[in-house]
Amino acid sequence: MAQIEIRDLGIDYRKPKSTEVFSAVDSVALSVEKGEFVTIVGSSGCGKSTLLMAVAGLVGLARGSIEIDGKRVDGPGPDRAVVFQEASLLPWRSVRGNVKFGLEMQRWSGGDLNERAMQMIRLVGLGRFSDYHPHQLSGGMRQRVNIARALAVDPEVLLMDEPFGALDAQTREIMGTELLRIWERAKKTALFVTHDIDEAIFLADKIVVMGRNPGHIKEVIKVDLPRPRNEAILDSDDFHELRKRLRAHLAEDMSSMQLVQEVA
Ligand SMILES: Nc1ncnc2c1ncn2[C@@H]1O[C@H](COP(=O)(O)OP(=O)(O)OP(=O)(O)O)[C@@H](O)[C@H]1O
Ligand SMILES: [Mg+2]
């Protein structure tokens, strides 16, 4: 059985200042195996964040179901951790204090707590910075702390919504490689939303391509590139092929978006 099983999922939102609802995501079905790295791409507003937040248990479902390890999702839980686009760190706590925060919520204490926090901080390569405060770190470092905090509680599933979206292209590439290194050690199931086509391919075992109105899955593309991966893979023929395929998908969506705007 797959670890995450999404069946016939539908999510409705209320329109602003109105009682009218609209369907943000509809008829989504997806299976994710344990330890699999799945990236989600699609044009802005197609429902990527909505889908991720539904798996996190942070938005209610109108139709269908989400199961994790056979258990129905009906709210947030310790089996899932979320990393958002903006690093959401507590400014008054140090790196170590921030990583400890999530653990304290789960009733870790004393030496265990400290040891676990430091282990995670070292895993993301910030061992020397554990006493720094968020404002003393770069954006990339702050996102590493966020990832350390998410991993510390040992979730089954790691949910990431454009975690590197605010970083420059070069830092982003480094973070991608870094994330794969951590993931290969931690062996977590990962759902990762991104706008960046190369990032989507580089990280993934499979890529979920979403379309809009309402948000749905257009295609699931399997990525058979060998692991462990490094930047050299960006120049391979297989990579070029996948990039072309994804670009075509997204271009198709953009043209349908323009059409909607012209009609409106
Ligand atoms: N809380 C909400 N209430 C009402 N509508 C919402 C809410 N959150 C999102 N939406 C709408 O649902 C649709 C999907 O939004 P969502 O944020 O999931 O898209 P997305 O694919 O993550 O976009 P982006 O790539 O820009 O982050 C959009 O039309 C958006 O306006
Ligand atoms: Mg989003």
Side-chain angles (χ1 to χ4, degrees), residues 4 6 8-30 32 37-66 73-76 80-88 139 143 146-147 150 157-167 169 172 175-176 179 190-204 206-221 246-264:
I4 305 176
I6 301 174
D8 192 30
L9 177 69
I11 295 162
D12 293 346
Y13 283 131
R14 198 183 295 276
K15 289 189 178 170
K17 296 185 188 154
S18 149
T19 51
E20 213 180 316
V21 294
F22 73 98
S23 178
V25 165
D26 198 39
S27 306
V28 163
L30 181 69
V32 180
F37 202 120
V38 176
T39 56
I40 303 172
V41 298
S43 60
S44 182
C46 73
K48 303 179 296 295
S49 297
T50 299
L51 174 60
L52 208 70
M53 291 309 113
V55 178
L58 295 170
V59 298
L61 316 186
R63 298 166 294 284
S65 65
I66 302 174
V73 168
D74 57 7
R80 285 150 289 147
V82 190
V83 178
F84 297 99
Q85 176 171 5
E86 297 294 334
S88 45
Q143 271 312 32
N146 244 11
I147 291 167
V157 178
L158 198 54
L159 303 167
M160 291 170 278
D161 194 358
E162 300 193 55
F164 308 146
L167 306 177
R172 198 174 177 135
M175 289 294 291
L179 179 64
L191 287 189
F192 185 107
V193 172
T194 178
H195 270 114
D196 188 300
I197 291 182
D198 281 4
E199 190 172 78
I201 303 167
F202 184 73
L203 296 172
K206 68 186 184 201
I207 306 168
V208 172
V209 184
M210 288 184 71
R212 49 186 22 251
N213 294 326
H216 62 281
I217 295 180
K218 284 168 78 174
E219 194 183 354
V220 177
I221 300 173
L246 276 180
R247 282 229 178 102
H249 259 306
L250 297 180
E252 199 179 283
D253 245 34
M254 290 314 279
S255 58
S256 71
M257 243 164 104
Q258 271 159 11
L259 211 65
V260 172
Q261 276 163 4
E262 275 161 24
V263 171

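Whatever order the structure lists them in is the order used to number ligands and atoms, beginning at 1. The residues of the chain are indexed from 1 along the displayed sequence.
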Would you mind checking which non-hydrogen protein atom is closest to [atom], with the distance to 0.1 Å?
| atom | answer |
| --- | --- |
| atom 26 (O) of ligand 1 | Ser44 OG, 2.6 Å |
| atom 6 (C) of ligand 1 | Tyr13 CD1, 3.2 Å |
| atom 17 (O) of ligand 1 | Ser49 CB, 3.8 Å |
| atom 25 (O) of ligand 1 | Lys48 NZ, 2.7 Å |

For ligand 1, find out whether one of its N or O atoms is nearer than 3.5 Å to an N or O atom of Cys46.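 There is such a contact, yes.
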For Gly47, is at least one N or O under 3.5 Å away from an N or O on ligand 1? yes
[X] side-chain N/O to [Y] backbone N/O, donor-acceptor pair under 3.5 Å:
| X | Y | result |
| --- | --- | --- |
| Arg212 | Ser44 | yes |
| Lys48 | Thr194 | no |
| Gln143 | Gln85 | yes |

ring-ring contact (aromatic ring centres under 6.0 Å, His included) with Phe164: which residues, sequence neighbours excluded? Phe192
Answer yes or no: is there an ion pair linking Arg14 with Glu20, defined by an N-O contact shorter than 4.0 Å? no
Atoms of ligand 1 less than 4.0 Å from His195 heavy atoms?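 Here the atoms of ligand 1 in question are 25 (O).
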In ligand 1, which numbered atoms sit nearer than 4.0 Å to a non-hydrogen atom of Thr50? 14 (C), 15 (O), 16 (P), 18 (O)
Residues which pass side chain to side chain contact (heavy atoms under 4.5 Å, CB included) with Ser27, listed by chain and number, not counting sequence neighbours: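 Ser27 satisfies side chain to side chain contact (heavy atoms under 4.5 Å, CB included) with Asp8 once adjacent residues are dropped.
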Is it the side chain (CB and beyond), the backbone, both or neither of Arg14 that lies under 4.0 Å from ligand 1, heavy atoms counted? backbone
Region of Glu162 that comes within reach of ligand 1 [heavy atoms, distance under 4.0 Å]: side chain
Look up atom 31 (O) of ligand 1 and tell me if a protein heavy atom lies less than 4.0 Å from it? no
Within the protein, is there a heavy atom lying under 4.0 Å from atom 13 (C) of ligand 1?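 Given the 4.0 Å limit, the answer for atom 13 (C) of ligand 1 is yes, a protein heavy atom qualifies.
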Do Asp196 and Glu162 have side-chain heavy atoms sitting under 4.5 Å apart?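 No, side chains not in contact.
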Gap between atom [atom2] of [Y] and atom [atom1] of [X] - 0.5 Å precision:
| X | Y | atom1 | atom2 | answer |
| --- | --- | --- | --- | --- |
| Ser23 | His216 | OG | NE2 | 11.5 Å |
| Leu246 | Ile221 | CG | CD1 | 4.5 Å |
| Leu61 | Leu9 | CG | CG | 5.5 Å |
| Leu159 | Leu51 | CG | CG | 9.5 Å |

Which residues pass the side chain to side chain donor-acceptor pair (under 3.5 Å) test with Asp26, not counting sequence neighbours?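 If we apply the side chain to side chain donor-acceptor pair (under 3.5 Å) test to Asp26, skipping adjacent residues, the hits are Arg63.
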Return all protein N, O or S atoms below 2.8 Å from the Mg ion (ligand 2), chain by chain in residue order. Ser49 OG
Tell me the nearest of Gly215, Pro214, Gly45 to atom 24 (P) of ligand 1, using heavy-atom distances.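 Of the listed residues, Gly45 has the closest heavy atom.
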